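Quick notes on the structure that follows.
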Amino acid sequence: MPGKFIIGPCLAVMGDKVEARHRGSALVGPDGISAGGAEGDAEEGGRRSPPRGQGIDGVPETDAVTQEGSSTKLCGYLHKLGGPLRAWKSRWFAYEDKKCQLYYYRTPQDINPLGSIDLTSATYRYPLRAEEGTFHIQTPEKLFVLKALNREAMMYWLQQLQLRRLQHSGKLTREPAKLSEVPLPDSEPHVLSNSGEQSDDFLPAVKTPVGLVGEEAACLPDPWQQTTLQKLSLKHPLTELQNQVQSIRISRSSHDFGCSVFHVEEPQLPPTPSNKELLPPRTEENAVPAVTPDPRPLSAVLLLPEAGQEAQLGGRRSPCDNSRKKEKKMSIPLTLPSERKEAGASERASRLQQEVLTLTKELKSQKELVGLLHKALEAAQQEKRTCAQFLSAGGEQKRLELLRHQERRAADLEGRLQALQREKEELEQRLAQQDGHVAELQQHVQLMMEKNHAKQEVILKLSEQVSACMADPHCATLNSVSAETFRQLQEQAENLKDDIEAYKIQNKFLNSEIYQLTKLWRNSSEQEKSLMMKCAYLEARYCQMESKYLLRLRKLQEIKGLGTKQQEELKKLIEDALKEDMKDVPKVNPIREHDEYGFKIVPDYEVEDMQLLAKIQALEIRSHNLLHQDMVDKPLLGRWAHYMGGRPSGKLVPSPELKGLIRCGVPREYRPQVWRWIVRTRTQGLRESHPQRYQELCRKGEALQHPVSRQIQLDLHRTLTSNKSFASPTSPAVQQLRRVLLAFSWQNPAIGYCQGLNRLAAIALLVLENEEDAFWCLVAIVDYIMPQDYYSKTLTASQADQRVLKDFMAEKMPRLMAHFEEHDIDISLITFNWFLVVFVESLASDILLRVWDAFLYEGTKVIFRYALALFKYKEEDILKIQGNVEIYQYLRFFTRTVSDGRKLMNIAFYSMNPFPMKLLRSRRDFHKEKLQAELRELERIQKEFVTETVERKDKDLDVGMSEDDEDM
């Protein structure tokens, strides 16, 4: 409608074009363009300032601390100590909400700031001995010394800066995380809540100083009355020059309007027509959308009607634009009184609009959550479709293309992982800085408290002296003290009281500062924990994808119909995969070459196929560890800490609770203590009767040479070759192992030494880290846990256990046992070594030590349970293999492919219908007797054979002699 102003759309459309000056001015040119032009961002050295006076999402900021509750822009004059001469200079300061920075200018009318103060990691304090109104802002880079006009203004600035810093921290924690689309397993996304207000009021709220802070202060003169030359900044001549040029341009433009561009007062005008004549009829086509009221001065908004209409009309101009401009200029003053009449209605409309915005934001967040869930579902469906495509692909070329696609996805995950790592490092730096600030403030508070205490003691002494003088006016002290001295003492006491009051206020402020910094530190720690969980999950997903990729390569390698070129490409891919060590990928816990016990995580194999399998297993184990460390490992560690905390060292008591904990695995922190208690419990009688037994056997071994010492020396260099502690022949662990085995050979002459004992003693040394403890652990295993004759020359008990295992296999896995019998497979060729050395060098170190935890506590039935669990774990894979040779090859290394120790433990103790120890003993005795009978029969046959051989030789000798006689 020509000649009319459409106020609502103008506010929305012109929001990006008109810069409302919250220093009390509207720098607007004649064509509706801000006088600053497109100068860029507001930074030091000639950069354009940010919009001041507008809150997040265009909502005006509100002062949460002031009692009036009015929307006040945090801006005003402050003295700043700086420059080459270290002098006080008056500067106009304005807070920018989105960046949490405090910009300072020479005058409120300047376009470009002289500099800024980053408040995100800043701390605040004020010294009592400095000039009134002086306070400090400490940032990680610099200390800023500022001064307000009086103490009230200083406290207002400090409280407002504290509040804005806390609000900004709350906004950061409420923003959606960049990787929120990553679904964490069995957990919900961590969201930090911050109300933006202090829960504890350490100081009373300070009212807004009238005329010193806010937009109206921009129209008032500098309270310090400094001249332009005194305000001149010598460090920023270019910024000063740009501000002068902008000021000249603005002053020239303002003459076209007939008044100053900095004029903000509303003129007194006669009554005007009602707003109904100024606003268009409200129809469905031209309905004005709900817009948040703009906090800019009304003159700044009404100066640009053409900009809003032109933007609304898509940039088109009508032929009568010039006449409309004149008509609109004539009607601008007529709208002001009617706006005042509609103030109450506009306030209600603003509240309703604010509620609409809040509900819109909630709806948007819910939509984002639904979108994230849809993305997660699509990712899962995409992975399923990818696997289906790979399996259904007809040619090898298509499968290779699918593999390359998976490589690209892995590269994308790497990038996201790097971004998370960078964000984590930034949070760690911020956290370290805040910890340092908190420590400094605590030291400062302690010093102030000591000074306060000392001054209170002085005041008490002086008060006692004054009271004594007042009580006895004839005393010598009063007579000796003149009236002038008495007045001085009274003044000094009053000054001390004032100091005490000032220290109390300062102490309360420092308490509030410490409280806020602690709150910010907690929020940062929780955010860092959430990011660590996401990072661990992404790294686990990366390991899973790489292991799947290697498995696909191995399956392709087994296909015999590939061409020469395809075989070469496949071989190159495998070599690249084996050479890749993931050094460039940032990780939560970087992959090490050895674990905490010294075992090599990826063993070295000469065969390429074994190398591939070793790397696949290492990736799967790391993936399981990353996924379980927060959901399983940390709660288990907490349970162990609670159980061990209430008991003295070495005084555990057998119980179902301890049994369940040991089956789940003993944490590394408590494993030596638990093992020592188990070994000491089993060998208590022997150790009490021979307390210095190990030292005596070591001295005997040095004095005499045992017959098995040569065999022990040969086996030392073949013990745990994948462990760095035994990799070198000169390492201390090798010499300790030699002494332990020699001492045991003298301790048990019936056995002396048997191959396999070296591995048992080596594991005990790695965990217990003490020769004597390792020796008694070996004694406990051989003499107390294992059956008799288990390590004898005939290995009778070991062979009997193999037959018992076959019986259990036939009962619990009949299909697998029938498969073995069909292909003539004797599993004892594989499992005999499992039982003899308790799975050493057959399982991954993490799973192996969990097996040993339960084995030492419960006995040999644990070996049977884990042996059955291993076959059950891979039963379906074994049933797919046909052929005697292929099955034996798979059984040689399949235990190294078991990566999920938690699943294996559940199969061993819960899924396999556990058998009692009584049944195991009865079957072991049955097969042992049967085996001994077979051995006796074999010995009888051997004796008969020897007798027949001797008789035949004698007979042949007699026949030979008779033939010689006949010849003679």
Side-chain angles (χ1 to χ4, degrees), residues 65-67 76-79 81 86-88 90 123-138 143 145-162 200-213 223-225 440-515:
V65 175
T66 57
Q67 296 178 355
Y77 281 105
L78 290 174
H79 255 174
L81 183 64
R86 300 298 294 172
W88 291 103
S90 178
T123 57
Y124 316 116
R125 63 177 184 272
Y126 66 91
L128 290 180
R129 298 300 180 185
E131 298 181 32
E132 183 182 6
T134 304
F135 62 97
H136 298 168
I137 300 179
Q138 178 71 58
L143 174 66
V145 182
L146 307 178
K147 184 171 68 172
L149 189 62
N150 50 42
R151 182 178 294 273
E152 181 185 1
M154 177 194 71
M155 293 305 298
Y156 175 82
W157 273 96
L158 287 173
Q159 285 190 351
Q160 286 293 319
L161 291 176
Q162 281 185 332
D200 297 329
D201 294 329
F202 295 92
L203 287 172
V206 180
K207 294 184 179 181
T208 305
V210 180
L212 298 180
V213 179
W224 287 279
Q225 300 295 328
E440 292 177 2
L441 289 173
Q442 288 177 345
Q443 293 177 0
H444 189 65
V445 169
Q446 184 66 25
L447 181 61
M448 293 298 103
M449 291 176 66
E450 293 175 358
K451 290 182 178 179
N452 189 15
H453 182 68
K455 291 183 178 180
Q456 285 180 350
E457 292 179 353
V458 173
I459 291 172
L460 288 175
K461 291 180 181 178
L462 292 174
S463 301
E464 290 174 359
Q465 293 177 5
V466 171
S467 300
C469 292
M470 296 295 291
D472 189 6
H474 301 288
C475 64
T477 304
L478 183 60
N479 294 332
S480 62
V481 177
S482 63
E484 183 67 26
T485 306
F486 185 71
R487 284 197 300 271
Q488 290 179 357
L489 290 174
Q490 283 185 331
E491 290 177 359
Q492 187 177 4
E494 292 295 331
N495 292 336
L496 289 175
K497 289 180 181 179
D498 293 340
D499 289 344
I500 289 174
E501 190 65 28
Y503 277 119
K504 286 181 179 179
I505 297 175
Q506 187 188 40
N507 189 23
K508 291 179 180 179
F509 171 75
L510 291 177
N511 286 336
S512 68
E513 182 71 6
I514 292 172
Y515 172 79

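Because the structure is predicted, anything quoted here is derived from the model rather than measured.
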Working to the nearest 0.5 Å, report the span between CG of Leu462 and CG of Leu489. 6.5 Å
When rounded to the nearest 0.5 angstrom, what is the spacing between NE2 in His136 and CG in Leu146? 8.5 Å
What residues, two or more places apart in sequence or in another chain, satisfy side-chain contact (heavy atoms from CB on, under 4.5 Å) together with Glu440? His437
Identify, with sequence neighbours excluded, every residue that meets ring-ring contact (aromatic ring centres under 6.0 Å, His included) alongside Tyr124. none
Applying side-chain contact (heavy atoms from CB on, under 4.5 Å), name anything that partners His444, two or more places apart in sequence or on another chain. Met448, Gln506, Leu510
Distance col, row Lys497:NZ vs Lys455:NZ, nearest 0.5 angstrom, shows 15.5 Å
Decide yes or no on side chain to side chain contact (heavy atoms under 4.5 Å, CB included) for Gln446 and Glu450, but give the supporting numbers first. CA-CA 6 Å; Gln446 184 66 25; Glu450 293 175 358; 3.7 Å; yes
Considering all heavy atoms, the nearest Asn452-Ile500 contact: OD1-CG1, 4.1 Å
Note: Val206 and Tyr156 closest approach over all heavy atoms is O-CD1, 3.8 Å
Pairing residues for Glu131 by the side chain to side chain donor-acceptor pair (under 3.5 Å) criterion, not counting sequence neighbours: Lys147
Non-neighbouring partners of Tyr503 that pass ring-ring contact (aromatic ring centres under 6.0 Å, His included), sequence neighbours left out: none
Trace of the side chain to side chain contact (heavy atoms under 4.5 Å, CB included) decision for Ile505 with Lys508: CA-CA 5 Å; Ile505 297 175; Lys508 291 179 180 179; 5.8 Å; no
Can you name the residues that form a side-chain contact (heavy atoms from CB on, under 4.5 Å) with Leu149, not counting sequence neighbours? Leu212, Pro223, Trp224
What are the two closest heavy atoms between Phe135 and Leu161, and how far apart are they? CE1-CD1, 4.5 Å
If you round to the nearest 0.5 Å, how far is CG of Leu441 from CZ of Phe509? 9.0 Å
Atom pair OG (Ser467) and CD (Gln465), whose distance is rounded to the nearest 0.5 Å: 10.0 Å
So which heavy atom on Glu513 is nearest to which on Thr123, and how close? OE2-CA, 3.3 Å
What distance do Asp499 atom CG and Lys504 atom NZ have between them, rounded to the nearest 0.5 Å? 12.5 Å
Of all residues at least two apart in sequence or in a different chain, which pass the side-chain contact (heavy atoms from CB on, under 4.5 Å) check with Leu81? Arg86, Trp88, Val145
For Gln443, all residues meeting side chain to side chain donor-acceptor pair (under 3.5 Å), sequence neighbours excluded: none
How close do Met154 and Ala148 get, heavy atom to heavy atom, and via which atoms? N-CB, 3.6 Å
Exercise: identify the closest heavy-atom pair between Gln162 and Ser512: NE2-OG, 3.4 Å
